[in-house]
Amino acid sequence: MNRSHKANHYGTLVERKAAERYGLELDRASWHDARREDGTPVEIKSAMHRHSDGQPGTFKLYDQYHDKLRAADGWYVFGVYRVRGQGVEVLHWEMRHSSRLPLLHWHGGGDHRNADQAKIELADIF
C-alpha cells in the first residue's frame, strides 16, 4: 500500500469514528463526508499526529469544497490520529462551524482536484 492509499485508508477509519462520536450519517460527496441529524453537511478532516520523519501532520482544505461547505452553512470535524496496527487511535477531536477556521492561505495544490489548497497546522485547531 503506497503512502496515498494509506492516508486514504486511515482517513476513512477516522471518518467512521467521527460518525460514531458525533452521531453523523456518512454521506459521500466530493465536498463533504457526512451529515448532521438536521441534514447540515459535515466535512471530516484527519491528520496524522506525527509523520515518520517527525513532522506533525496538517489538515488540507480545498477552496472549491470549502466554498460549498460555507454556502451550505456546514461544519468540519477535525481528527488527529496515530496508527495502531492496522487501525488508528484518534488523539484529539474538534467539531467547528466552517466560519470559525483560522485564517486560510490558499495556494496552488498542483493538479490535484483543480483547486487551491490551504493547510492548517494542528496547533491552529487544538
Heavy-atom pair of closest approach, residues [X] and [Y]:
X	Y	answer
Asp116	Gly108	OD1-CA, 3.5 Å
Ser46	Gly11	OG-CA, 3.5 Å
Gln86	Leu13	O-CD1, 3.8 Å
His49	Val80	CA-CG1, 3.6 Å
Leu122	Pro56	CD1-CB, 4.3 Å
Leu69	Trp75	CD2-O, 3.4 Å

Legend entry - Cluster check Tyr65, Trp106: I/L/V/M/F/W/Y, side chain < 4.5 angstrom: yes

Once rounded to the nearest 0.5 Å, what's the spacing between atom [atom1] of [X] and atom [atom2] of [Y]?
X	Y	atom1	atom2	result
Tyr62	Asp67	OH	CG	14.5 Å
Glu20	Leu26	CD	CG	10.5 Å
Gln64	Ser30	CD	OG	8.5 Å
Met48	Thr58	CE	OG1	11.5 Å
Gln117	His107	CD	NE2	4.5 Å

Legend entry - Check: Thr12 side chain, Asn8 main-chain N or O, donor-acceptor pair, under 3.5 Å: yes

Inset, instruction - Please check if the side chain of Arg50 supplies one atom and the backbone of Gly54 the other of a donor-acceptor pair under 3.5 Å. - result: yes

Are [X] and [Y] close enough that some pair of their side-chain heavy atoms sits under 4.5 Å apart?
X	Y	answer
Lys45	Asp33	no
Val83	Tyr10	yes
Lys119	Phe59	no

Inset, instruction - Tell me, yes or no, whether the heavy-atom count around Glu89 atom CD, taken from other residues, nucleotides or ligands under 6.0 Å, exceeds 12. - result: yes

Inset, instruction - Given side chain to side chain contact (heavy atoms under 4.5 Å, CB included), test Leu61 with Leu104 step by step and report yes or no. - result: CA-CA 9 Å; Leu61 277 60; Leu104 300 174; 4.2 Å; yes

Inset, instruction - Could you tell me whether Lys17 and Glu15 have a side-chain N and a carboxylate O separated by less than 4.0 Å? - result: no

Inset, instruction - Classify the ring geometry between Phe78 and Tyr76 as parallel (under 30°), tilted (30 to 60°) or perpendicular (over 60°). - result: parallel

Inset, instruction - Go through the steps to decide whether Glu43 and Trp31 satisfy the test side chain to side chain contact (heavy atoms under 4.5 Å, CB included), and finish with yes or no. - result: CA-CA 7 Å; Glu43 174 71 349; Trp31 56 282; 5.9 Å; no

Inset, instruction - List the steps and the verdict of side chain to side chain contact (heavy atoms under 4.5 Å, CB included) for His32 and Val42. - result: CA-CA 6 Å; His32 67 85; Val42 178; 6.0 Å; no

Inset, instruction - Might you work through the side chain to side chain contact (heavy atoms under 4.5 Å, CB included) test for Leu24 and Val77, ending with a clear yes or no? - result: CA-CA 10 Å; Leu24 305 172; Val77 169; 4.3 Å; yes

Legend entry - side-chain hydrogen bond (donor to acceptor under 3.5 Å, both in side chains) pairs, two or more places apart, involving residues 92-104: Arg70-Ser98, Asp73-His97, Glu94-Arg96, His97-Ser99

